[in-house]
Amino acid sequence: MEAAVRKPDEASGVLLSTCTTIGIGGAAPFIVFPRSPGEVRAFKASAFAAGEEYLSLGAGSNLLVADEGIDRRVMCLKKNMGKVMFSAGGSVVAEGGTMLPRLAVLCGLSGLSGVEELAGIPGTVGGALTMNAGAYGRSIGEVVEWVEVVDVAGRLHRIEACDIRYSYRHAACPVEGMVVRAAFRLAASLSDAIFARMKEINEKRRESQPWGERTFGSTFLRPDGNVSAGELLERAGLKGFRMGDAAYSRKHANFIVNIGNASASDVLRLIARGQEAVRAMAGVELVPEVKMWGAVHA
Ligand SMILES: Cc1cc2nc3c(=O)[nH]c(=O)nc-3n(C[C@H](O)[C@H](O)[C@H](O)COP(=O)(O)OP(=O)(O)OC[C@H]3O[C@@H](n4cnc5c(N)ncnc54)[C@H](O)[C@@H]3O)c2cc1C
């Protein structure tokens with residue numbers, strides 16, 4: 001009997017506002033949700049043969065997509081690629097679509113410490129490794145052992161962490177592509193202590209950042225020097241400042257929130273206003289941390 005071939009999990013004309021945490025963005029012509037690194041390879045190889053490329057999507061928690069949408073196909077790992085495997089000696093292998101809060105909880109339950117600071121970041125392992133996401137003194141690049149990347153032609157590469165240069169919100173990897181799996185080297189610890197640390201950090205976040213609101217996290221990177229982007233924006237009078245249905249949060253000025261039906265152009269106008277105000281006040285050039293897809297214009 002022939003083995004059953006599973007139909008690809010895919011969809012056309014998906015509104016990316018449903019795939020981003022800020023809830024903004026027009027449609028993508030085609031989106032595919034692979035179930036394994038093998039499927040990622042096969043999809044990429046056939047697109048490459050047809051002269052096309054996929055954009056990589058995680059949880060859309062650091063993305064601003066144009067209101068008009070995009071004309072590229074998208075591959076998203078969050079839906080079907082969240083397997084996590086533990087092995088003796090503190091090594092953990094997670095698929096690229098694993099959500100960081102879930103990874104942190106699973107590691108906590110297994111008595112493994114090293115990712116609890118990342119528990120409040122609503123992104124995937126793949127997105128976080130690409131951005132070198134971090135919080136409360138820990139960035140993901142510090143605990144990774146190796147990363148598996150599928151390049152544009154569908155070839156799989158395993159890259160050791162020592163060959164990747166991690167810096168603030170940046171990872172310089174010798175191979176570009178979709179992060180499909182990564183291994184982390186964590187330290188043995190007591191579950192109670194790990195969960196206590198997670199709770200402490202999440203309480204700090206809840207006090208100082210918008211919680212449960214539609215946002216893409218920090219709008220701007222931390223500028224050089226001691227003052228944060230949030231402080232500069234607040235001093236320039238932008239805390240709570242609104243354009244259309246987008247506003248700098250009243251709780252933390254470096255977070256833009258969608259308070260209704262905000263468009264990408266509302267957000268871009270707000271970004272430009274924030275940059276102008278901080279430039280005029282302090283001579284500092286704020287650089288967006290958020291990634292932008294499509295022809296985003298104010
Ligand atoms: C409430 C809130 C709080 C946040 N707090 C923090 C914080 O404390 N620290 C922090 O660093 N960030 C924070 N962020 C931002 C965001 O969560 C991180 O940047 C996160 O790592 C993005 O992951 P993602 O899966 O959502 O990526 P996406 O937003 O989907 O994509 C971001 C970039 O990564 C690429 N990408 C996504 N998946 C892959 C993959 N598998 N392989 C290759 N490239 C990929 C995309 O093409 C894009 O360029 C916060 C965001 C929110 C909404």
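Numbering starts at 1 and runs along the sequence shown. Just follow the structure's listing: the first ligand is 1, and inside any ligand the first atom is 1.
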Student: Any side-chain donor paired with an acceptor under 3.5 Å for T219 and E289?
Tutor: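 No - no donor-acceptor pair under 3.5 Å links their side chains.
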Student: Is I24 reachable from W293 through a run of I, L, V, M, F, W or Y residues, each pair having side-chain heavy atoms under 4.5 Å apart?
Tutor: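 In one cluster: no.
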Student: Between R242 and D245, is there a side-chain N and carboxylate O pair less than 4.0 Å apart?
Tutor: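 A salt bridge is present here (some side-chain N lies under 4.0 Å from a carboxylate O).
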Student: Could you name the protein residues that come within less than 4.0 Å of ligand 1, counting only heavy atoms, and order them by chain and residue number?
Tutor: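 Residues near ligand 1: T21, S56, L57, G58, A59, G60, S61, N62, L63, L77, I121, P122, G123, T124, G126, G127, A128, T130, M131, A133, G134, A135, R169, G177, M178, V179, R205, T215, F216, G217, K291, W293.
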Student: Would you call K239-E234 a salt bridge at under 4.0 Å N-O?
Tutor: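 Yes.
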Student: Classify the side-chain pair E142/S139 by whether it contains a donor and acceptor separated by less than 3.5 Å.
Tutor: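 Distance-only check passes for E142 and S139.
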Student: Should the pair R197-E200 be classified as a salt bridge under the 4.0 Å nitrogen-to-oxygen rule?
Tutor: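 Yes, R197 and E200 are salt-bridged.
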